[in-house]
Amino acid sequence: MTLITAAKNTWCPGCGNFAIEHALKDVLVSLAEEGRRAEDIVLVTGIGCHAKIADYLAVNSFYAIHGRTLPVASGIKLADPALTVVACAGDGDAYAEGLDHLVFAAKRNQDITAIIHDNRVYGLTTGQYTPTSYEGFRGRSTPGGIRERPINPVALMLASGATFVARTYTRKMDHLREVLKAAVLHRGFSFVDVLQVCATYNNLTDYYNDRVYLLEGHDTADLGGAMTRAREWDYSADAPIALGIFYEEEAPIDPWPAMGGAGPEERGRMIRDILRERT
Amino acid sequence: MNEISVLIGGRAGEGINIAGMLIVRILSARGLRAYMYYDYPSLIKGGHNFAVVRAAEEEVRCHREKIDLLLAMDQETVRRHIDWLKEGGSIIRDAGVVKGDGIAVDLDAIVTEEKAPPVTKNSAVIGAFSRACGVPWTTVEEVVRRAIPKEIEANLRVARRGYDLSREVLHLPATGRDPLPILSGNEAVALGLLDAGLEGYVSYPMTPSSSILHTLAGLAGRFGISVVHPENEIAVMLTALGAAYAGRRVAVGTSGGGFCLMTEGFSLAGMAEIPVLVVLGQRPGPSTGLPTYSAQGDLLFALSAGQGEFPRIVAAPGTPEEAWYWAGALLDLAWRFQTPTVLLTDKNLGEGIFSFGETEKRPALGPSLWKGEGEYRRYEIGTGGVSPLAFPGTAGATVKVNSYAHDEDGITTEDGAVVARMAEKLREKGVAAARVLEGYPCVATAGDPDAETALLCWGSTAGVCAEAAGRLGLRVVRPVVLSPFPEMRVKAALAGAGLIVAVEENITGQLARLVSVHGIRADVVVGKYDGRPFALEDLERRLQEATA
Ligand SMILES: Cc1ncc(C[n+]2csc(CCOP(=O)(O)OP(=O)(O)O)c2C)c(N)n1
Ligand code: SF4
Ligand SMILES: [Mg+2]
């Protein structure tokens, strides 16, 4: 099973999106080997460099619009709970244009997975700051450097009630694969912030390599402890950067009644009854 | 007397709407056909509410300027509406709070004496009203038992007191006909959707569409559908598109402001070829406008919403029966042509209360589904631009939809030839949709088909236009489908007309502008833009002025 389409790949050399593409592909292949049908996997993407993954992976896909992966994913899951729904969004997508949906997806806890390709820049529109760009970041829309602090998406998701919150990094392929698989397998809303190298507009490879460490001996059931770890690095000031699963919890997953309906005869009978009640 | 008009008024929060509904049900139980217009401000308590009920032997779809009975729950009602009362008309008043003449019923005193809860107060007025119209007590009792959900016995005791205090002041015609169901336009939309196999409804509350959400949410368990209220209208539209992509027949409902937020997703539906029905209930704009009133100001918006060019089917029903029919038909058409459709209603239709007649049967029209042969290509170029549908989970199919320009497999492309071919594919669907619509009732007519003067109208003014035209000897031509515009049929219906008068509840004459593109010139526009529906006499006067 290759799961790679014939579409021409146009990511820049060295782009972290390749790592995410291959890690996700490996996860999907392993799921297929474990008995999940490839036809039951759906990939939803926003718009941005990251989103090209919809063209590159040979699975069902909904290449949506900027910022709107999560409501699409919600609708798909609601329509057919048997599907495995994975949303790949950019940081601009998920934290700027569509932040409302992210908070609500966490609150709602449908069984979907959100993978945020967090390169901390708008790649496709050629290098503007995003909500996770560090203070002082000089982008094309902010040549003087931004004078506002980034949001901390890990802390935000913990505060929003997400039941699986993790962070990983595109230069740690094994970790990336492992975390993505755990996220997809988690029952409920899974959030993964992937620190993704943008080779062209925000290459933080050295910065990350010097600071990342793996969470070990951390109690993933402890929300308070998770929050402390999450706040260790604020996406701006110099600090160690924890990678791994911050928090995981089992919680009810079906916020909405399932879609469906009665057959035409039964419908017709019920409607006639209603009309009779209304005379 | 072969018709009756009643106005009941009081403060917001006093249950004027429910009392009006009871009046409708009682008149309907007497075999009359009824209509109710409910006028209320956008607040929860205080402020003035009133309902005008008109009933007659034959179908009524509008109200008159003059009333036979004024039911006043407060002094304000008398002050505002005394001029509406016909010479010889009667007043029934809550004697505890309203001074003056008329049949006096002291609501608080009755409720206290009957040890009934305060919510039963209005029943005394309903009783008094019924007696005033010579409605037998058994009818009142029967309707109260069927229409009131709780405190039935207390309501009946209170109603009986009002009944006994009242006296007969007018006679209703006895038609001997069976009563028709009483529905709001929005309930007709909801039932029409259910009848057509709706599986999910996604909506964010906004007057005047909210009662569709409430009705369907109330019926969801019974029908096994999913009714969902997400974080905002952007999510509404995108959730619906996700669900439709996965194979579910879904609709969304909103008003102008919400539809503004949905337009990016609406255009996505056009590009990605995903079926979705938008119920767009108009209210006066711009912006928040008048939330609880009505307008026909969003026609051109609905016709052009969303960037780019893609086929869309827009229909504006004029009656609750048409609302039912087109709710289902637009769901069928969205699925057949894999494109968004809009049911354009307004507050007057959606929240108006009607005796509901027969609906037409929709032509059978199913989606074109993939047969499972060969390699699946979501955007395969096929007959009429309609590619066979498959849904994720289908064995052997990879279903890729895309908001970017794409090739037949759904992969992004910037190849000029492919982009052009795909644009033509969308156009082919529009052409095919127009052809299929030839089998639908796209243009309604009324009045004298040979009359020199034609009223050109659309949507909820159907009833008042038809009645005014009947009385003035005019013809009415009313396109129900507005996109693709049924040009030939509108032209045929207008053939020979010397004067075309567009009647619209807006200020700029949007239908008049639309038809001008199709070579039809409206000579005059009679507009109304105060949020209120035309009363029959009001429209007649305006038409006489316009045609003088
Ligand atoms: C509504 C809307 N606004 C703006 C754009 C332009 N746009 C395309 S991608 C993008 C930002 C992408 O940033 P991100 O989500 O971080 O993705 P990346 O390219 O970095 O992977 C923007 C602003 C758009 N497509 N739609
Ligand atoms: S601009 Fe950055 S994110 Fe986009 S493809 Fe190039 S390296 Fe990757
Ligand atoms: Mg980005």
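Every heavy atom of this structure was used, including side-chain atoms; hydrogens, water molecules and symmetry mates were not. The chains referred to below are lettered A, B, ... by the order of the sequence lines, with proteins before strands, and numbering in each begins at 1.
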Chain B heavy atoms under 4.5 Å from [X]: which part of the residue, side chain, backbone, both or neither?
X       : answer
L275(A) : both
E266(A) : neither
R37(A)  : side chain

Can you tell which of [options] has the highest number of heavy-atom pairs within less than 4.5 Å of chain A?
options                            : result
G200(B), G396(B), S28(B), G197(B)  : G197(B)
L183(B), L194(B), V399(B), D178(B) : V399(B)
P181(B), G410(B), A244(B), G224(B) : P181(B)
D407(B), I234(B), L191(B), V143(B) : I234(B)
A246(B), G247(B), S403(B)          : S403(B)
R378(B), E231(B), E199(B), R249(B) : E231(B)

Practice task
Only one of D26(A), L3(A), I53(A) passes side chain to side chain contact (heavy atoms under 4.5 Å, CB included) with E21(A); say which it is.
Solution key: I53(A)
Problem - Minimum heavy-atom distance Y376(B)-A397(B), with the two atoms named - result: CB-CB, 3.8 Å
Exercise for the section: Give a yes or no answer on whether the side chain of H186(A) reaches the backbone of V184(A) with a donor-acceptor pair at less than 3.5 Å. Expected result: no
Handout entry: T394(B) side chain to A390(B) backbone, donor-acceptor under 3.5 Å
Key = no
At a 4.5 Å cut-off on heavy atoms, which part of [X] comes close to chain A: side chain, backbone, both, or neither?
X       : answer
V250(B) : side chain
L198(B) : backbone
A220(B) : neither
A272(B) : neither
L268(B) : side chain
A235(B) : both
R146(B) : side chain
F223(B) : both

Between [options], who has the most heavy-atom pairs with chain B when the cutoff is under 4.5 Å?
options                   : answer
A262(A), G263(A), G261(A) : G261(A)
L70(A), V72(A), D55(A)    : D55(A)
I65(A), I271(A), V103(A)  : I65(A)
G75(A), G67(A), A58(A)    : G75(A)
L78(A), L83(A), D40(A)    : L83(A)

Would you mind checking if [Y] and [X] are paired as a salt bridge, meaning a charged N to carboxylate O distance below 4.0 Å?
X       : Y       : result
E34(A)  : K181(A) : yes
R187(A) : D111(A) : no
K361(B) : D195(B) : no
D409(B) : K400(B) : no
R145(B) : E141(B) : yes

What is the ring orientation for [X] with [Y], classed by angle as parallel under 30°, tilted 30 to 60°, or perpendicular over 60°?
X      : Y       : answer
W11(A) : F18(A)  : perpendicular
H66(A) : Y122(A) : perpendicular
Y35(B) : F354(B) : tilted

Exercise for the section: May I ask you to check whether F266(B) and F310(B) place their ring centers less than 6.0 Å from one another? Expected result: yes
